[in-house]
Amino acid sequence: MNHASKLIPLAVLLALAAFPWLGADYYTGLVIKVMIYGIFALSLQLLVGGAGLISLGHAAFFGIGAYAAALLSPESEAAGLAWLLAAAVAGAALYALLTGALALRTRGVYFIMVTLAFSQMAYYVFHDTDLGGGSDGIYLYFRPQLSLAGWVPFDLDAPGTYYLFVLACLASTWGFLAMLRRSPFGAALAGIRTNEQRMRAAGYSTFPYKLTAYVVGAALAGMAGFLYALKDGFVTPELLAWEQSGLVLLMVILGGMGRLGGAVLGAAALILLQELFQSQALFGDYAKHWHLPLGLAIIALVALLPDGLAGLPAQWRARRAARRGAAAPPAPQAESPPTQALPLSGEPHA
């Protein structure tokens, strides 16, 4: 990676930090949603792109984090930010530890179906019981506050402060996963993704690595769910539905499974495409059929960008190099001196 590529994340971070003072409230809220789903997609990218574990139950951890924020917050006052965030992350991680210990005994399509089953179990617990308000959901009346011996360093009720808090969580998640990829643990995950049998033959016990990645990814998804609950102040069981798991998996695929930036790009692209096709101003009454053009757009992007949005610059460079190679005239070859025909066997020399 060259120096310019290393500066791109920093430039994006600075641009996002300045956005609330430049954009309208609607677009600021949209960017907050993109950043939250960016964290959610990064958490799944650790499994899909890091260890080769394709899960259709990742929404369970997202929803558990959101419900933890709503259920543990009192209705009369703001809860403590630190312990409430820790509870949301720990709840998602604990569920991942219990279910992952069983799901990771399977592979391939069986792993996909088992994770989907565990996610649907969590969905029906919140949907069919009074634990979280049933199908009607539950409200969060106060955003939590961080208090240090009576001193409140920032107020999350302020829109700009909450925006910067979400941005800080996104940057921290990115930095943590970037360090994890460069660590021996990340190298072991890459080896498992490439050839798990060879890793076992080399003496590695792959199950603890996969379970650790599964739990860490769930914890990050729980943090994303916690931020989502603070954003809307309302949590429903639909956050745990399998459609949500498919949505975040699609973000990872659309952005590029092998890159951290791909997860965030995929989240931004999918959410912005949804907003585009739902626009009444642009499509009028046809906006209610937004699923159809969104599906066609996704099919086109996946077909045209096999490496995802993050691989688009490399794809352009490869095409330009191929065009230059095709346009260049063939190099002239030096003439070889004429060769004399050898006489056939038994044929007299001239």
Side-chain angles (χ1 to χ4, degrees), residues 1 5 9 37-62 92-93 96-97 99-116 118-119 173-222 224 245-267 302 305-315 318:
M1 182 185 293
S5 299
Y37 273 93
I39 298 173
F40 191 19
L42 282 171
S43 69
L44 182 59
Q45 202 274 341
L46 174 62
L47 303 181
V48 177
L53 299 172
I54 300 176
S55 170
L56 262 182
H58 210 61
F61 314 124
F62 184 76
L97 181 63
T99 59
L102 300 175
L104 290 170
R105 303 290 180 182
T106 62
R107 299 180 186 176
V109 66
Y110 301 103
F111 175 77
I112 296 174
M113 299 309 296
V114 170
T115 56
L116 175 61
F118 280 127
S119 177
T173 303
W174 178 293
F176 170 73
L177 291 179
M179 290 189 296
L180 197 66
R181 286 166 62 97
R182 293 179 174 87
S183 67
F185 178 80
L189 287 183
I192 292 171
R193 183 191 68 241
T194 304
N195 193 325
E196 185 174 356
Q197 295 296 333
R198 184 175 296 177
M199 291 292 291
R200 288 178 177 174
Y204 285 87
S205 179
T206 59
F207 181 80
Y209 286 95
K210 294 193 295 183
L211 182 58
T212 302
Y214 193 76
V215 172
V216 171
L220 295 175
S245 295
L247 181 68
V248 69
L249 180 60
L250 189 57
M251 291 175 181
V252 174
I253 296 173
L254 184 61
M257 293 186 290
R259 301 172 177 86
L260 291 178
V264 182
L265 281 175
V302 172
L305 303 173
D307 294 329
L309 293 171
L312 186 58
Q315 188 174 342

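Values below: every heavy atom of this structure, side chains too, minus hydrogens, waters and symmetry copies.
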Of all the heavy-atom pairs spanning Ala188 and Met199, show the shortest one and how long it is. O-CE, 3.7 Å
Does atom CZ of Arg200 have more than 12 heavy-atom neighbours, drawn from other residues, nucleotides or ligands, at distances under 6.0 Å? yes
Closest non-hydrogen contact found for Ala310 with Gly262 is CB-CA, 3.8 Å
Leu180 versus Ser183, closest heavy-atom pair with distance: O-OG, 2.6 Å
Of the non-hydrogen atoms in Ala41 and Ala263, which two are nearest, and what is the gap between them? CB-O, 3.6 Å
Residues that Ser245 engages under side chain to side chain contact (heavy atoms under 4.5 Å, CB included), provided they are two or more places apart: Leu56, Ala59, Ser119
With sequence neighbours left out, what residues match Ala103 under side chain to side chain contact (heavy atoms under 4.5 Å, CB included)? Phe111, Val114, Thr115, Phe118
Side-chain contact, heavy-atom cut-off 4.5 Å: Leu309 with Leu305? yes
Correct closest heavy-atom pair for Ala213 and Leu46 would be O-CD2, 3.6 Å
Can you run down the salt bridge (Lys or Arg N to Asp or Glu O under 4.0 Å) pairs that involve residues 201-220, sequence neighbours left out, and say none if there aren't any? Glu196-Lys210
Should Leu220 and Phe40 count as side-chain neighbours, where that means a heavy-atom distance under 4.5 Å? no
ring-ring contact (aromatic ring centres under 6.0 Å, His included) pairs, two or more places apart, involving residues 199-221: Phe61-Tyr214, Phe185-Tyr209
Hey, are the side chains of Leu53 and Ile192 touching, using non-hydrogen atoms and a 4.5 Å cut-off? no
Strictly by salt bridge (Lys or Arg N to Asp or Glu O under 4.0 Å), give each pair with a member in residues 37-49 just once, sequence neighbours left out. none
Pairs meeting criterion side-chain hydrogen bond (donor to acceptor under 3.5 Å, both in side chains) with involvement of residues 43-59, two or more places apart: Ser43-His58
Shortest non-hydrogen contact from Gly50 to Arg193? O-NH1, 3.4 Å
Determine whether more than 12 heavy atoms belonging to other residues, nucleotides or ligands lie under 6.0 Å from atom CE of Met257. no
